[in-house]
Every structure is written in structure tokens, then in C-alpha cells.
Peer 1: 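One structure, as C-alpha cells, below. Some questions next.
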Amino acid sequence: MSDSPPFKAPIGTHDVLGVDSARWEGLVATFAGFAHRYGFHLAITPLFEDVGVFKRGIGEQSEVARKEMYVFEDRGNRTFALRPEGTAPIVRAFIQHNPTTPFKAWYFTPAFRYERPQAGRYRQHHQLGVEVLGTDDPMIDVEVVSLAQRFFEDLGLRRFRLLINSMGHAQCRAAYVALLREYLSQHADELCDEHATTWSENPLRVLDCKNERCVAVTDKAPMLIDHLCDDCRAHFDVVRAGLVALGIDASVEPRLVRGFDYYSRTTFEFVSDALEGAQNAIGGGGRYDGLVEQLGGKPTSGIGFGSGVERLLLTLDAEGVTGAFGAQRELDIFLVDTVGGEAGSVLLDRLRHEGYSVDRAYDQRSMKSQMKLADKSGARLALLLGAQELAAQEVTMKDLRSGDFGTTQERVAQVDLFAILAQRLKVT
RNA sequence: GUGGGCGUAGCUCAGUUGGUUAGAGCGCCAGGUUGUGGUCCUGGAGGUCGCGGGUUCGACCCCCGUCGCUCACCCCA
């Protein structure tokens with residue numbers, strides 16, 4: 001033992017163990033199921049990338065790129081960053097490997113941002129998401145948004161809303177930003193303390209400000225949604241109509257400006273009404289038609305969606321949804337072995353080979369103690385292997401869920417065990 | 001980066017105006033005779049009172065610092 005203080009998980013990170021990890025497993029498995037049904041395949045890319053992937057990807061000026069990245073140098077003096085989000089790495093991989101399009105990938109990944117943690121916000125959090133590269137068909141926008149919508153519905157969430165907006169493409173947005181800049185320049189002194197000085201750097205950010213003074217100004221400001229070019233307008237209308245056709249309710253939110261610079265045209269966000277406080281976005285995404293080029297690839301359109309696992313779990317709790325995620329994985333059998341040695345180990349090996357989930361006690365505990373553990377394990381059956389059973393080539397089988405704590409049990413020959421188990425454990 | 005609240009056993013928390021060996025519930029372990037789970041009963045293990053300094057005859061308690069947790073701003077998932 002050393003006399004230095006014990007190690008702890010770094011600030012803003014956390015361990016997921018026991019019943020918590022069972023919920024994570026369920027959540028990720030559910031999302032994977034959705035992704036597969038929508039034709040996505042899993043993409044696994046490095047947790048760290050050349051820092052330029054993110055700086056050029058999400059924008060040098062973005063909050064995240066400027067001060068929230070975990071940047072480090074390796075021994076070869078290369079500068080890397082831990083991924084702060086999931087899209088840029090997949091786009092980098094897309095450019096590098098040039099796969100056939102449309103390229104549809106899903107991911108489950110940690111994401112790192114150096115910020116002060118609070119409810120629903122961590123330095124390492126985890127995201128589930130999808131990306132589609134190589135098509136600007138508005139129907140893919142509908143597909144991505146609906147995947148998210150259906151996923152949230154399937155989890156049992158009810159108190160959430162879908163907000164949607166269009167950022168236009170590069171040209172019509174530039175024209176609009178000029179218009180907005182002109183408007184803001186006339187009202188700069190009415191903005192909140194922060195934006196009174198910074199509005200010029202990123203005028204769009206002011207639209208997203210919750211300060212009442214900024215809101216008062218932007219209430220009358222020109223909105224991008226009203227200044228889209230014909231193509232962008234048409235794209236947006238088709239997306240909205242497509243959602244309506246699926247019975248998905250999306251409210252247009254002209255102020256919706258997402259944090260990364262790469263967005264164009266469709267942007268959307270799912271906000272929970274069950275979460276208190278400001279961290280109420282449980283998922284979001286949008287189209288990023290210029291990103292591939294930005295990272296050095298051929299002009300290729302793309303769209304993606306990401307959702308924070310920690311926030312989803314918070315939301316599930318807030319809505320009181322326990323569902324399938326509360327339960328521990330079921331154990332079929334608990335082996336109570338009082339003889340020790342190899343006999344129990346061999347039996348376990350055979351049971352597991354047959355596909356049963358089986359656990360046991362260790363350290364030569366008493367039978368009573370092992371029975372207690374069997375009970376707590378939640379297993380359906382206990383198999384008892386003692387000196388008597390061993391000598392007779394038998395095993396005692398006991399139903400742990402009969403509700404009767406007496407001695408209802410039977411001795412079966414080991415040669416008949418699997419046939420009996422197949423019958424016994426099949427009936428739920 | 002800024003501000004508020006909080007750090008006592010694995011967990012949730014008590015701890016009287018500063019006063020002997022710091023407590024409870026839950027959890028854990030072991031027993032309640034011959035090889036058997038729940039409930040019940042008995043016993044046990046487990047704490048540098050976050051850490052460092054100061055005040056005091058004496059500090060879990062008061063003061064300062066520090067670290068951590070937490071909530072909010074900002075930004076986002």
C-alpha cells in the first residue's frame with residue numbers, strides 16, 4: 001500500500017457498474033437494433049484524431065474547438081485531440097476510405113469536452129448516433145430524424161419535443177448573416193453584456209441566447225428561415241412534409257442554431273420537458289453538406305444525429321420509465337458446490353457450453369451460505385453438487401422461484417440433466 | 001473560466017453550547033446442531049470524521065487553505 005491518497009476517476013467522469021451498466025447495455029442494444037433496421041452498420045474510429053480534424057470540422061471559432069478540447073502531443077510531436085463529438089471522425093474515415101455511397105454508419109462512443117460538469121454534463125460523456133454520407137435526398141433527412149424519434153418513443157419517453165430549422169446552404173446563409181449583422185449593428189447596445197461585444201464574430205449565436213435582452217432584440221430580427229433560397233426552401237418543405245406523413249410532429253424553431261459550424265440546411269434537436277435546468281437537449285443533429293470538403297474530400301453531402309446516453313438515462317429516470325432497463329440480466333442456474341475441486345468446474349463448463357447462464361460461489365463457502373447467494377443471484381434453478389451427488393453421478397435440482405422455501409427438490413442423474421433442463425428452463 | 005451548497009462506515013444519514021473508547025439503518029460476513037434460500041434472532045468485521053494547517057487543556061464540531069462532489073452561469077449531448 002502506498003501512503004498517497006487513493007486514485008479517483010477524473011473530474012467529470014464516472015464509472016458505470018452493476019445495475020447501471022445493465023441499463024446501459026439495454027440502451028445501447030436497443031439503439032443498435034434500430035440502426036440495423038434502418039440499414040446502418042457500426043463504425044469504429046479512433047478515439048483521438050489529428051487536432052485539425054476537429055478544428056476544421058466543427059469550426060475554429062466554436063466554443064468546443066476553442067477551449068473545450070482535450071489536446072495532447074504524442075512522442076512524435078504530433079498534436080491530437082480526444083474526440084469532442086462523433087461526426088468529424090467518421091467524415092475523416094469516409095474521405096480516407098472512399099466507400100460507396102450512400103454510406104450509413106452508426107456509433108456508440110465516449111466524447112470528451114473540458115468544461116465544468118453539472119447535471120447532465122460531463123467531461124467524458126457517451127453518444128449514440130448515426131451518419132449518412134453521399135446523398136442530399138430530403139428523404140434521408142426524414143429517415144434520420146424518424147430513427148431518432150422512434151428510438152426515443154421505443155425507450156418509453158413521452159415528454160419530449162422535436163424542433164427543426166434550416167440553416168440554408170453556404171450562399172443563402174452568407175446573404176442572411178449579412179442581413180442579420182446589419183440588423184444587430186443597429187441594436188448592439190440592447191444586447192446582453194456578453195453579446196454586446198461579441199455579436200459581430202458569430203451573429204448566429206445571438207439568436208440562441210436565452211438572455212431576455214437578446215431575446216427582445218432577436219424577436220424582431222430577420223430570420224434565416226424566411227430568407228432561404230428556393231432550393232433550400234424546397235428541401236426544407238419536403239423534409240417537413242415527410243415527417244408529417246410519418247405522423248411525426250416537428251415544430252419549426254427559427255432560433256435553433258446548433259453549436260458546430262458545419263451545419264447546413266436541416267438542423268434539429270430533441271428537447272425533454274422532463275429534465276429541469278438547461279441541459280435538456282437529449283439529441284440533435286442536422287445536415288452538413290460542406291463538411292467533407294472542409295476536411296479535404298470531394299463535395300459530398302451528409303447528415304447525422306447524436307444523442308447523449310447520460311442524458312437519456314436522466315430523462316428516463318425523470319419520466320419514471322424503468323421498463324426493460326431496470327432488470328439485471330437473468331441468470332438461469334446457480335451452482336452450489338460443496339465438494340470443491342474440478343467436478344463443479346466441469347459441470348459449469350458443460351452447462352455454459354449448452355448456452356445456459358450459470359454462476360457459482362467461490363472460496364469454499366458453506367452450503368447455507370451458497371444457498372443464500374443462489375437466492376440473491378436471482379437464478380431460476382439451483383443445482384446442488386455435494387458428496388452424495390458426486391458419488392451417485394447425480395445432481396440435486398431445486399426451483400428457487402417456487403415461493404416455497406421448503407425442500408421441494410429432486411435428484412437427477414447427470415446423464416439426464418440436459419434433457420431435463422431443456423424442458424424445465426424452456427417454460428417461462 | 002465565474003458563483004452557491006456540501007464532504008462522518010460500502011450506501012443513506014445522526015452526532016446535543018467544542019469534552020472520555022464516533023453511532024444508527026441498510027448492505028456485508030458468521031452462527032441459530034446432522035448438507036439447503038425468504039422472514040426472524042444473535043454475534044462480527046468495517047471509519048486517516050476528504051486532506052493540510054491554525055485556535056484551544058481538549059476539535060467531527062470553530063477559523064484559514066486545499067482537494068473533491070454537487071448545482072447554476074456559459075456552452076452543449
Side-chain angles (χ1 to χ4, degrees), chain A residues 1 3-14 17-18 58 62-68 83-87 109-129 148 192-195 198 202 205 208-211 256-260 269-272 275-285 304-315 334 336-339 361 363 365-379 381-390 396-409 411:
Chain A
M1 292 290 285
D3 33 359
S4 56
F7 291 116
K8 290 182 181 175
I11 294 174
T13 70
H14 53 111
L17 310 169
I58 65 186
S62 70
E63 200 80 2
V64 170
R66 273 168 46 219
K67 43 188 191 186
E68 294 181 358
R83 58 165 57 168
E85 57 100 46
T87 300
T109 179
F112 305 86
R113 294 184 199 166
Y114 191 89
E115 29 182 12
R116 290 283 292 269
Q118 68 186 73
R121 196 181 72 188
Y122 308 94
R123 286 188 174 176
Q124 175 176 342
H125 74 281
H126 299 76
Q127 291 193 22
L128 293 163
C192 75
D193 293 344
E194 188 194 339
H195 288 120
T198 62
N202 190 349
R205 277 255 70 84
D208 196 37
C209 182
K210 275 90 184 170
N211 182 285
L256 179 62
V257 175
R258 297 182 48 77
F260 303 142
E269 194 165 288
F270 289 88
V271 296
S272 169
L275 291 182
E276 294 174 16
Q279 321 300 328
N280 67 347
I282 55 176
F305 158 77
S307 180
V309 174
E310 286 83 353
R311 273 192 206 167
L312 279 179
L313 292 172
L314 275 180
T315 311
F334 194 95
V336 173
D337 168 16
T338 58
V339 295
D363 304 318
R365 300 241 223 165
S366 69
M367 170 168 271
K368 178 179 179 126
S369 167
Q370 291 191 51
M371 281 304 297
K372 286 186 176 182
L373 293 174
D375 188 54
K376 270 181 288 197
S377 77
L381 290 179
L383 289 184
L384 281 61
L385 183 65
Q388 292 173 30
E389 286 86 350
L390 189 64
T396 295
M397 189 164 72
K398 183 163 183 170
D399 185 347
L400 292 172
R401 300 188 191 171
S402 61
D404 124 45
F405 296 99
T407 53
T408 310
Q409 60 188 39
R411 289 270 289 265

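Just so we're on the same page: letters track the sequence lines, and every chain starts at 1. Just so you know, these numbers come straight off a predicted model, no measurement behind them.
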Peer 1: Quick one: which protein N/O atoms are closer than 3.5 Å to N/O atoms of nucleotides 26-31 of chain B? Pair and distance per line, please.
Peer 2:
residue : atom : partner   : partner atom : Å
C28(B)  : OP1  : Lys376(A) : NZ           : 2.9
C29(B)  : OP1  : Arg365(A) : NH1          : 3.2
C29(B)  : OP1  : Arg365(A) : NH2          : 3.1

Peer 1: Across the strands shown, which category fits Asp399(A) at heavy-atom distances under 4.0 angstrom: base, sugar-phosphate, nothing?
Peer 2: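 Contact class for Asp399(A): base.
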Peer 1: Which part of the nucleic acid, if any, lies within reach of Ala374(A) when heavy atoms closer than 4.0 Å are counted: base, sugar-phosphate only, or nothing?
Peer 2: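 Since no nucleic acid heavy atom lies under 4.0 Å of Ala374(A), the category is nothing.
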Peer 1: Output, in order, the C-alpha distance, side-chain angles, deciding distance and verdict of side chain to side chain contact (heavy atoms under 4.5 Å, CB included) for Gln388(A) and Thr396(A).
Peer 2: CA-CA 10 Å; Gln388(A) 292 173 30; Thr396(A) 295; over 6 Å; no
Peer 1: Looking only at N and O atoms, is any donor in the side chain of Gln409(A) or the base of U36(B) less than 3.5 Å from an acceptor on the other one?
Peer 2: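 Yes, the side chain and the base share a sub-3.5 Å donor-acceptor pair.
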Peer 1: Check step by step if side chain to side chain contact (heavy atoms under 4.5 Å, CB included) holds for Glu85(A) and Val64(A).
Peer 2: CA-CA 9 Å; Glu85(A) 57 100 46; Val64(A) 170; over 6 Å; no
Peer 1: Have a look at Gly120(A) and say if it touches a base, only the backbone sugar-phosphate, or nothing, with a 4.0 Å heavy-atom cut-off.
Peer 2: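 The answer is base, as Gly120(A) lies within the cut-off (heavy atoms under 4.0 Å) of a base atom.
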Peer 1: It should be established whether Gln118(A) places a side-chain nitrogen or oxygen under 4.0 Å from OP1 or OP2 of nucleotide A72(B).
Peer 2: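 Result: yes.
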Peer 1: Can you check whether any acceptor in the base of A77(B) is under 3.5 Å from a donor in the side chain of Arg121(A), or vice versa?
Peer 2: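 In this structure, the two groups form no donor-acceptor pair.
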Peer 1: Whole angstroms only, please: what is the CD1-P distance between Ile58(A) and C75(B)?
Peer 2: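 Computing the Ile58(A):CD1 to C75(B):P distance gives 15 Å.
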Peer 1: Could I get a table of every N or O pair under 3.5 Å where one atom is in the protein and the other is in nucleotides 3-7 of chain B?
Peer 2:
residue : atom : partner   : partner atom : Å
G3(B)   : O6   : Arg116(A) : NH2          : 3.0

Peer 1: Please determine whether side chain to side chain contact (heavy atoms under 4.5 Å, CB included) holds for the pair Tyr114(A) and Lys67(A), giving the CA-CA distance in whole Å, both sets of side-chain angles, and the decisive distance to 0.1 Å.
Peer 2: CA-CA 7 Å; Tyr114(A) 191 89; Lys67(A) 43 188 191 186; over 6 Å; no
Peer 1: Can you give the dot-bracket line for RNA chain B, where a pair is Watson-Crick or G-U wobble with both atom distances under 3.5 Å, crossing pairs use [ ], and | marks a partner on another strand?
Peer 2: (((((((..((((.....[...)))).(((((.......))))).....(((((..]....))))))))))))....
Peer 1: CG of Asp208(A) versus C1' of C75(B): gap in Å, rounded?
Peer 2: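 Distance, rounded to whole Å: 9 Å.
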Peer 1: Pick the P atom in A22(B) and in C6(B), then give their distance to the nearest Å.
Peer 2: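 Roughly 26 Å separates the two P atoms.
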Peer 1: Under 4.0 Å between any heavy atoms, over every strand shown, what does Gln124(A) touch: base, sugar-phosphate, or nothing? Just pick one.
Peer 2: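 No contact at all - Gln124(A) keeps every heavy atom at 4.0 Å or more from the nucleic acid.
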Peer 1: For Ser307(A) and Ile282(A), indicate whether the former's side chain and the latter's backbone hold a donor-acceptor pair under 3.5 Å.
Peer 2: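 Yes; judged by distance alone, with no hydrogens or angles, the pair exists.
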Peer 1: Is there a donor-acceptor contact under 3.5 Å from the side chain of Glu310(A) to the main chain of His126(A)?
Peer 2: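 Here the side-chain-to-backbone pair exists.
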Peer 1: Between the base of G1(B) and the side chain of Glu115(A), is one N or O donor paired with an acceptor at under 3.5 angstrom?
Peer 2: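 Such a pair does not exist between side chain and base.
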Peer 1: Rounding to a whole Å, what distance do you find between Met367(A):CE and U36(B):C1'?
Peer 2: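 Taking atom C1' of U36(B) as the reference, CE of Met367(A) is at 6 Å.
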Peer 1: Under 4.5 Å between any side-chain heavy atoms of Arg116(A) and Ile11(A), yes or no?
Peer 2: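 No, their side chains stay 4.5 Å or more apart.
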Peer 1: Measure from CG on Asp375(A) to C1' on U36(B) and round the result to the nearest Å.
Peer 2: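 Distance, rounded to whole Å: 11 Å.
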Peer 1: Considering only heavy atoms and no angle criterion, is a donor-acceptor pair shorter than 3.5 Å present between the side chain of Arg205(A) and the base of C75(B)?
Peer 2: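 Side chain to base: no pair present.
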Peer 1: Out of C76(B), C69(B), G35(B), which nucleotide sits closest to the side chain of Ile11(A)?
Peer 2: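 Out of C76(B), C69(B), G35(B), the nucleotide with an atom closest to Ile11(A)'s side chain is C69(B).
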Peer 1: Using whole Å, what does the distance between atom C1' of nucleotide U36(B) and atom CZ of Arg411(A) come to?
Peer 2: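 After rounding, the gap between these two atoms is 13 Å.
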Peer 1: Looking across every strand, which nucleic acid part, if any, lies under 4.0 Å from Leu128(A) by heavy atom: base, sugar-phosphate, or nothing?
Peer 2: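 The answer is nothing, as Leu128(A) stays clear of every strand by at least 4.0 Å.
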Peer 1: Any Lys/Arg nitrogen of Lys372(A) or Asp375(A) sitting under 4.0 Å from an Asp/Glu carboxylate oxygen of the other?
Peer 2: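 No, this pair does not count.
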Peer 1: Taking the side chain of Gln127(A) as heavy atoms from C-beta outward, which of C76(B), A77(B), U36(B) is closest to it?
Peer 2: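 That would be A77(B).
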